[in-house]
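Working notes, structure below.
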Amino acid sequence: MGSPRGRAAQERLQTLYARTPGPVVFVDESVRAPGNSFGERPFYTMSGVTVPKDSLDIVRKELKRIVGANYWHTTEAYNGKLGPVEELRPRILELNEYLARVVDFTVVTVQTEISTGDHALQKAREECITTLARAATSSGREDPPRLMVFEQLKEDAYPGGNARDHDVFARLRNAGLLHRSVVIESISPWDEKLLWAADLSSWSFYHQLARSEGTWFKPLAPVTTVLHARTGLAVKGSNPHLPQQGPGVQPTVGAQRGGGPAVASESRLVHQGKESQVLHAVRTEADSQRPPLDHSVSLGVGTNAPKTIEAIKERFDWYLNAQRSQRSNPEASEHIKQLLEQAQQALRKPQRPPEPPGARPEITGPQR
């Protein structure tokens, strides 16, 4: 029997399942934190696995049948903490092969440059959430996902973490960057075993990125689109045929030769470290991309960075005056103006009071 709190969470989630019109996205993350003992470059990756609404019960039961238990955590299974590795490692592949047959699609977002000031990885998490939420719920289908279920963060380890995730969604909705009917719910994998699917996906991609071990992710690759969190654009070689957000408003106001104020960008002071060939390739590719303007605005809103939005607006105003693009493309210009105005309004709305220093402990080691 589950706890009363767990049963209440399950009942609340069942109500959301009944109300949502389309498939459901299940979300988990994998992290390699700064300051790890191996001197490896940190990164943050988040996976959203989309399951058809009419398949929720079937997929949940089948995952439990394959696992053969009420508990699953891929890291523990791989390391032999749930039983013999010779039994459990093949089971990881069996689970991934099953998921590849039954999920609608999967979106993975990855931030490969962690700012030296982002000790607790909160900004990297918000960037990944922003990119994932917009991509997964903007899919070009008649019934795009409107419910995203996150693995609940442990309050003792991440005070206020679940509330901050909800704040990201609220800001994006208020800015018109996310459909107003998109709902986020946080729950423990003990109470919703479909989160095992997201755990498997994020763990498998982690191994490909961190160790160039593609065996685990290979079954999921054909149904997965991998996006750079910094740019919102697909990683080279990622499945391009899945429902996903379009290229958006193209970056016509980025830093250019010939003067004008520069758009505020991420600090180039990022954590360094040893990296696999796969991680190096993904990071280098992201660094060479210019993000669409609406994605840059989305990241500014998602990470609660009004100065970033102000700098983008300043650059855009300068561009309009210098290039007179409003006359040549008035519809696009008006769209960008409205986008920036909504973003600024969303960030002016009252936020939850900041937590005192030290309320959220730093992450100091590998998380997967």
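Taking all atoms of both residues into account, the shortest heavy-atom contact from Pro306 to Asn304 is CD-O, 3.2 Å. Lys64 and Ala69 make their closest contact through CG-O, 3.6 Å (heavy atoms, listed as atom of the first residue, atom of the second, distance). Contact record, Ala124 with Asp118: N-OD2, 2.9 Å, taken as the closest heavy-atom pair. Of all heavy-atom pairs between Gly232 and Thr131, the closest is CA-CG2, 4.1 Å. In this structure, Leu132 and Met46 approach most closely via the heavy-atom pair CD2-CG, 3.7 Å. Taking both residues in full, the closest heavy atoms of Pro219 and Leu93 are given as CG-CD2, 4.2 Å, listed atom of the first, atom of the second, then distance.
For Ser204 (side chain) and Leu200 (main-chain N/O), a donor-acceptor pair under 3.5 Å exists by modelled atom type. A donor-acceptor pair under 3.5 Å is formed between the side chain of Arg134 and the backbone N or O of Leu177. Using a distance-only test at 3.5 Å, with no hydrogens or angles considered, no donor-acceptor pair links the side chain of Asp191 to the main chain of Arg7. Although no hydrogens or angles enter the test, the distance criterion places a donor-acceptor pair under 3.5 Å between the side chain of Asn162 and the main chain of Leu153. Looking at Lys53, its side chain does come within 3.5 Å of a backbone N or O of Tyr17 through a donor-acceptor pair. Panel note: side chain Thr50, backbone Phe105; a donor-acceptor pair is recorded below 3.5 Å. Using a distance-only test at 3.5 Å, with no hydrogens or angles considered, no donor-acceptor pair links the side chain of Ser186 to the main chain of Glu151. For the pair Glu213 (side chain) and Thr215 (backbone), a donor-acceptor distance under 3.5 Å is absent. Proximity of a side-chain donor or acceptor of Glu285 to a complementary backbone N or O of Lys236 within less than 3.5 Å is detected. At least one donor-acceptor pair under 3.5 Å links the side chain of Arg180 to the backbone N or O of Arg173.
Using a 4.5 Å cut-off on side-chain heavy atoms (C-beta onward), Asn70 and Lys193 make contact. Using a 4.5 Å heavy-atom threshold, the side chains of Gln122 and Glu126 count as touching. For the pair Glu62 and Tyr98, the minimum side-chain heavy-atom distance is below 4.5 Å. You'll find the side chain of Ser55 stays beyond 4.5 Å of the side chain of Val102, heavy atoms only. Within the 4.5 Å cutoff, the side chain of Leu63 has heavy atoms near those of the Val59 side chain. Proximity of Ile66 to Arg91: side-chain heavy atoms (C-beta onward) are separated by under 4.5 Å at one or more points. Within the 4.5 Å cutoff, the side chain of Val25 has no heavy atoms near those of the Leu147 side chain. In this structure, the side chains of Thr224 and Val107 stay at 4.5 Å or more apart for every pair of heavy atoms.
Between atom CG of residue Leu220 and atom NZ of residue Lys218 there is a gap of 12.5 Å, rounded to the nearest 0.5 Å. Taking CD of Glu29 as the start and CZ of Phe150 as the end, the distance is 9.0 Å to the nearest 0.5 Å. Taking NZ of Lys123 as the reference point, atom OG1 of Thr130 lies at 11.0 Å (rounded to 0.5 Å). One finds the CD atom of Gln208 at 11.0 Å from the CG atom of Leu279 (value rounded to the nearest 0.5 Å). For the atom pair OG1 of Thr137 and CG of Leu178, the computed distance is 4.5 Å after rounding to the nearest 0.5 Å. To the nearest 0.5 Å, atom NZ of residue Lys313 and atom OG1 of residue Thr308 are 15.0 Å apart.
Residues Thr74 and Asp199 bring a donor and an acceptor atom of their side chains to less than 3.5 Å of each other. Donor-acceptor pairing under 3.5 Å is recorded for the side chains of Gln272 and Arg41. Ser202 and Ser47 share no side-chain donor-acceptor pair at under 3.5 Å. Neither side chain, Gln10 nor Gln14, offers a donor N or O lying under 3.5 Å from an acceptor on the other. Residues Ser276 and Arg211 bring no donor and acceptor atom of their side chains to less than 3.5 Å of each other.
By the neighbour-count criterion of 12 heavy atoms within 6.0 Å, atom CD of Gln277 is sparsely surrounded, having that number or fewer from other residues, nucleotides or ligands. Residue-environment remark: CD (Gln338) stays at or below the threshold of 12 foreign heavy atoms within 6.0 Å.
Using a 4.0 Å cut-off between charged nitrogen and carboxylate oxygen, Glu40 and Arg32 count as a salt-bridge pair. Glu275 and Arg283 are joined by a salt bridge, as a carboxylate oxygen and a charged side-chain nitrogen come within less than 4.0 angstrom of each other. The pair Arg60-Asp57 meets the salt-bridge criterion, with a side-chain N (NZ, NE, NH1 or NH2) lying under 4.0 Å from an Asp/Glu carboxylate O.
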Exercise for review: In sequence, state the C-alpha distance, the side-chain angles, and the governing distance for Tyr206 and Trp216, and then conclude on ring pair (Phe, Tyr, Trp, His ring centres under 6.0 Å).
Suggested key: CA-CA 10 Å; Tyr206 175 99; Trp216 312 103; over 10 Å; no
Practice item. For side-chain contact (heavy atoms from CB on, under 4.5 Å), just list the numbers for Val108 and Leu227, CA-CA rounded to whole Å, side-chain angles, deciding distance to a tenth of an Å, and then say yes or no. Key: CA-CA 6 Å; Val108 171; Leu227 302 175; over 6 Å; no
Practice item. Report the C-alpha distance between Ile114 and Gln111 in whole Å, list the side-chain angles of each, state the deciding distance to 0.1 Å, and finish with yes or no for side-chain contact (heavy atoms from CB on, under 4.5 Å). Key: CA-CA 7 Å; Ile114 306 299; Gln111 174 53 278; 4.1 Å; yes
Exercise for review: Show your working on side-chain contact (heavy atoms from CB on, under 4.5 Å) between Val149 and Leu13 and close with a plain yes or no.
Suggested key: CA-CA 9 Å; Val149 180; Leu13 193 56; 3.8 Å; yes
Exercise for review: Any chance you could lay out the ring pair (Phe, Tyr, Trp, His ring centres under 6.0 Å) test for Trp203 and Tyr78, step after step, and finish with the verdict?
Suggested key: CA-CA 10 Å; Trp203 179 91; Tyr78 179 83; 5.2 Å; yes
Exercise for review: Would you please test Val110 and Val282 for side-chain contact (heavy atoms from CB on, under 4.5 Å) and show each step?
Suggested key: CA-CA 9 Å; Val110 56; Val282 170; 4.2 Å; yes
**Study point:** Audit row: Arg230, Glu127, salt bridge (charged side-chain N to carboxylate O under 4.0 Å, His left out) steps and yes/no
**Key:** CA-CA 7 Å; Arg230 190 182 71 82; Glu127 290 170 333; over 6 Å; no
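In this structure, Leu195 is a member of the same hydrophobic cluster as Tyr71, with clusters built from ILVMFWY side-chain heavy atoms closer than 4.5 Å.
By the 6.0 Å and 45° rule, Arg125 does not stack over the aromatic ring of Tyr44.
Classification of the Phe217-Phe205 ring pair by plane angle, with boundaries at 30° and 60°, yields perpendicular.
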